[in-house]
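Before any comments, here is the structure.
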Amino acid sequence: MATLLYSLGRAAFRRRGRFLAVWLLLLALAGGGLAAYGSHLDSEATIPGSQSQAGIDVLEKSLPASTGVTAQLVFVAPEGKTVQDPAYRQAIERTVAAAAKAPQVETAVDPFKANKISEDKRTALAQVLYPIKRDALEDSSVTALEDLAAEARKSGLEAEVGGTIYSTAGLEPGIGEVIGLAVAIVVLVITFGSLLSAGLPLLTALIGLAVGLIGLMLISNVATISSTAPSLALMVGLAVGIDYALLILSRHRAQLAAGMAAEESAARATATAGSAVVYAGLTVIIALAGLSVVGIPFLTVMGLAAAGTVLMAVAVAITLLPALLGFAGERVRPKVGSRASRRERASSGEGRTGGERWARLVTRRPLATVLIVVLGLGAVAVPTTQLTLAMPDNGTASPDSTQRKAYDQISEAFGPGNNGRLLVLVQKATGDPRPAAKQVEAELKGLNLPDIVSVQEPQVGNDGRTAILTVVPKEGPRDEETVRLVRDIRDETPQWAAEADARILVTGSTAAAIDVSDRLSDSLLPFIGVVVGLALVLLLLVFRSVVVPIKAALGFLLSVGAAFGAAVAVFQWGWLAELIGVETTGPVFSFMPIVLIAVLFGLAMDYEVFLVARMREHFVHTGNHEEAVIAGSRHASRVVTAAALIMFSVFASFVTAEDLTLKPIAFGLAVGIVVDAFLVRMTLVPALLMLVGRGAWWLPRWLDRMLPNLDIEGAKLNRPQPVAHGALDAERMAPRV
């Protein structure tokens with residue numbers, strides 16, 4: 001691998017104009033394609049093989065209105081008044097009539113005719129139905145409904161808009177992301193002491209990210225791409241794009257400071273640090289692509305989209321960056337005697353660095369270090385035992401938003417179960433479904449379940465053989481009582497189906513959210529097994545060691561436990577919630593654990609590769625294990641620190657996003673990155689390796705003979721003789737083949 005990347009890096013340096021032209025051409029083609037064809041993101045989340053999805057598929061044909069987008073107009077009369085007072089009733093009827101004529105609306109149901117009036121007569125609820133999916137709903141249609149509510153408020157009523165028209169529609173970058181990028185720039189400037197050197201990783205990262213994201217948008221025209229997929233791709237792609245370029249550039253500048261010629265240095269940096277980038281990127285790609293194991297298309301697309309941007313980050317790091325280093329030439333060489341030069345030479349072994357001093361400190365009493373870190377992170381992970389999961393809804397929106405106000409008003413006036421109704425589908429093979437539906441209705445009422453408030457009259461579909469019963473639960477859609485109710489009803493439906501000779505399914509958005517959570521819980525262990533197993537095999541190939549991959553995986557468990565614990569403390573318990581803009585506490589987004597594990601595992605293995613690759617490189621060349629641990633920390637600590645700070649700033653910036661699906665993931669990643677980089681990789685890893693001794697690099701002989709030698713350390717490359725200036729003889733310095 002090192003030999004191949006050496007040749008690639010040298011070719012990019014020498015033919016820099018061609019390499020740059022290829023990337024600019026890709027960017028232009030992608031941009032032109034987006035301008036010509038646009039994009040078509042889909043906000044629908046399906047759960048193939050689930051009972052709720054089977055029911056939704058039937059209803060889309062027989063009762064399409066029940067699966068389309070819905071809005072709720074909630075009207076509340078002032079204290080001491082009722083909605084039936086003439087002035088308020090007229091205002092409500094006028095607003096509902098106007099809503100029926102609003103853009104894309106199929107019908108608006110008068111609350112007085114439908115008897116949707118609260119017991120105290122102060123609240124009226126009007127349903128507005130759209131015969132379309134969420135992704136087809138125009139923003140202007142939502143605004144039109146909000147304008148009607150604003151007009152109704154002029155009569156003295158409280159009027160709010162809720163419903164599924166406010167489903168999550170993806171990320172809109174804001175000031176937080178700009179601040180995160182600014183912090184990354186500051187870290188790069190401090191790391192390199194040069195604006196030119198700081199700008200190179202940022203430039204390559206942005207080009208790779210742009211190509212990846214625009215390509216994703218184009219693919220959305222021919223394949224289903226969820227609206228939240230670009231959010232994760234943007235967050236992960238930006239972070240790893242900067243970090244991978246940072247690793248190669250850092251090696252290049254250290255070699256330049258030692259006197260190596262620019263072309264030779266670029267080739268060798270691509271060969272050695274570039275090898276680490278390739279294998280680190282592969283672990284991230286494996287982890288993200290592993291989300292397809294879950295079997296939820298929405299999640300599969302998110303993972304593959306993010307994996308695509310990581311692939312672009314690797315590609316630009318090993319092709320475009322060496323080309324840009326060719327353009328930069330001697331300008332990125334630290335000046336002799338400068339602070340940057342002293343720092344680079346120190347990281348190369350001339351003098352002690354902070355990373356070396358830290359490594360010597362934590363390895364002086366390695367057992368004590370291991371116990372302190374493990375016990376400390378174990379304590380942080382304790383809240384994980386209280387982790388509860390649910391899909392977000394309008395009840396998790398900002399308290400100041402109209403959808404949250406509508407949600408709360410409905411819960412108070414009609415009961416929280418009206419925000420999470422269940423649909424029980426009854427389908428006959430042939431004939432009228434009403435007798436069977438009536439039989440199921442009687443069975444539901446006969447159960448005397450305390451969590452059922454009411455069962456409404458069956459509604460027959462347009463196919464003449466399907467009917468639905470609407471069940472109003474006592475509690476809200478995210479409450480455990482509602483989850484238990486769905487399972488209790490499903491336990492009875494096989495017997496009812498046999499007696500009624502009909503197909504019976506419990507479906508609807510609330511049941512679908514429960515099915516998603518169940519699917520995620522059931523697939524978590526298989527997912528971890530597949531992803532961790534493949535990554536461990538890759539690490540085994542890279543480091544030719546049994547201990548290193550196992551240690552890497554165990555360290556990851558500590559990092560992810562701490563990330564989960566922190567997420568529970570903030571998003572469920574409310575600790576420091578206001579500080580990061582969490583206005584509502586409650587269950588964490590159901591997708592958070594599996595997405596967090598996928599992304600954090602891949603990034604944790606990045607740091608493992610960055611750090612341990614330098615240790616193994618020193619060990620391969622010297623055979624001294626103890627000094628290899630210290631030398632690896634000396635070489636890699638600064639770049640790992642900078643990379644972690646950059647990733648933290650990028651992830652932390654996304655915590656400010658309003659997207660409820662992304663906020664807890666970004667927070668968990670920010671915490672996990674800090675813990676993994678500083679406490680696990682830079683503290684626990686050196687201590688553990690020192691405890692294990694030379695056994696850290698042990699590999700059974702029979703396995704050693706079977707495994708291919710990937711040569712991540714560049715052992716097959718000749719050692720160059722340092723020179724102060726000028727080019728070296730290409731033939732003399734060519735790699736052995």
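Source: prediction; values computed, not measured. Residue numbers count from 1 along this sequence.
- In this structure a side-chain-to-backbone donor-acceptor pair under 3.5 Å is present from Thr309 to Ala233.
- For the pair Met592 and Phe571, the minimum side-chain heavy-atom distance is 4.5 Å or more.
- Within the 4.5 Å cutoff, the side chain of Glu158 has no heavy atoms near those of the Lys405 side chain.
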Handout entry: Trace of the side chain to side chain contact (heavy atoms under 4.5 Å, CB included) decision for Thr470 with Leu423
Key = CA-CA 5 Å; Thr470 301; Leu423 299 180; 3.7 Å; yes

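- The pair Glu160-Arg404 fails the salt-bridge criterion, with no side-chain N (NZ, NE, NH1 or NH2) lying under 4.0 Å from an Asp/Glu carboxylate O.
- The shortest distance between side-chain heavy atoms of Leu125 and Pro111 does not fall below 4.5 Å.
- Applying the side-chain contact (heavy atoms from CB on, under 4.5 Å) criterion to Val142, with sequence neighbours excluded, gives Leu137, Glu146, Ile165, Tyr166.
- By the 6.0 Å contact criterion, CD on Glu106 is enclosed, its count of non-hydrogen atoms from other residues, nucleotides or ligands being greater than 12.
- Of the possible donor and acceptor atoms, one in the side chain of Asn221 sits under 3.5 Å from a partner among the backbone N and O of Leu218.
- Of the possible polar contacts, one joining the Asn419 side chain to the Tyr407 backbone as a donor-acceptor pair under 3.5 Å is found.
- Judged by distance alone, the side chain of Asn394 and the main-chain N or O of Gly163 form a donor-acceptor pair under 3.5 Å.
- Judged by distance alone, the side chain of Ser118 and the main-chain N or O of Phe414 form no donor-acceptor pair under 3.5 Å.
- Scanning both residues, Val83 and Ala77, for their nearest heavy atoms gives N-CB, 3.8 Å.
- Residues Ala149 and Val161 approach most closely at CB-CG2, 3.8 Å, considering heavy atoms.
- The OG1 atom of Thr123 sits 10.0 Å away from the CG atom of Leu157 when rounded to the nearest 0.5 Å.
- Rounded to the nearest 0.5 angstrom, Ile504 CD1 and Glu492 CD are separated by 10.5 Å.
- Atom CD of Gln72 and atom CD of Gln127 lie 5.0 Å apart (nearest 0.5 Å).
- Judged by distance alone, with hydrogens and angles left aside, the side-chain atoms of Thr482 form a donor-acceptor pair with the main-chain N or O of Gly476 at under 3.5 Å.
- Legend: salt bridge (charged side-chain N to carboxylate O under 4.0 Å, His left out) pairs involving residues 475-488, not counting sequence neighbours, sorted by first then second residue: Asp393-Arg478, Asp451-Arg484, Arg487-Asp518.
- Contact check for Ile92 versus Phe112: side-chain heavy atoms found under the 4.5 Å cut-off.
- Within 6.0 Å of CG in Asp139 there are 12 or fewer heavy atoms belonging to other residues, nucleotides or ligands.
- Taking every heavy atom of both residues into account, Leu288 and Val310 meet most closely at CD1-CG2, 4.0 Å.
- Between the Gln572 side chain and the Thr388 main chain, a donor and an acceptor come within less than 3.5 Å of each other.
- You'll find the side chain of Leu669 reaches within 4.5 Å of the side chain of Leu596, heavy atoms only.
- With a 4.5 Å cut-off on side-chain heavy atoms, Leu299 and Phe527 do not count as touching.
- Here CD1 of Ile56 is found 7.0 Å from OG of Ser50. Values are rounded to the nearest 0.5 Å.
- One finds the CD1 atom of Ile214 at 6.0 Å from the CG atom of Leu34 (value rounded to the nearest 0.5 Å).
- Between the Lys474 side chain and the Ile452 main chain, no donor and acceptor come within less than 3.5 Å of each other.
- Of all heavy-atom pairs spanning Ser590 and Leu520, the tightest one is O-CD1, 3.3 Å.
- Annotation: side chain of Met235 is in contact with side chain of Ile665 (closest heavy-atom distance under 4.5 Å).
- Under the salt bridge (charged side-chain N to carboxylate O under 4.0 Å, His left out) criterion, the residue pairs touching residues 503-516 are Arg490-Asp515, with sequence neighbours excluded.
- Residues Ser141 and Tyr130 share a closest heavy-atom pair of O-OH, 4.2 Å.
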Handout entry: Verdict with supporting geometry, Val599 and Leu232, side chain to side chain contact (heavy atoms under 4.5 Å, CB included)
Key = CA-CA 9 Å; Val599 177; Leu232 184 64; 4.2 Å; yes

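- The minimum heavy-atom distance between Tyr88 and Ser155, with the atom names listed, is CE2-O, 3.3 Å.
- From Glu138, atom CD reaches atom CD1 of Ile132 across 8.0 Å, with rounding to the nearest 0.5 Å.
- Within the 3.5 Å criterion, the main-chain N or O of Asp463 finds no donor-acceptor partner in the side chain of Ser62.
- Counting only heavy atoms from C-beta outward, the side chains of Leu291 and Phe591 never approach each other to under 4.5 Å.
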Handout entry: Steps toward side chain to side chain contact (heavy atoms under 4.5 Å, CB included) verdict (Phe564, Val588)
Key = CA-CA 10 Å; Phe564 284 161; Val588 176; over 6 Å; no

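- If you check the side chains of Asp85 and Thr82, you find a donor sitting under 3.5 Å from an acceptor.
- Side-chain atoms of Ser52 never come within 3.5 Å of backbone atoms of Thr507 as a donor-acceptor pair (strictly under, hydrogens ignored).
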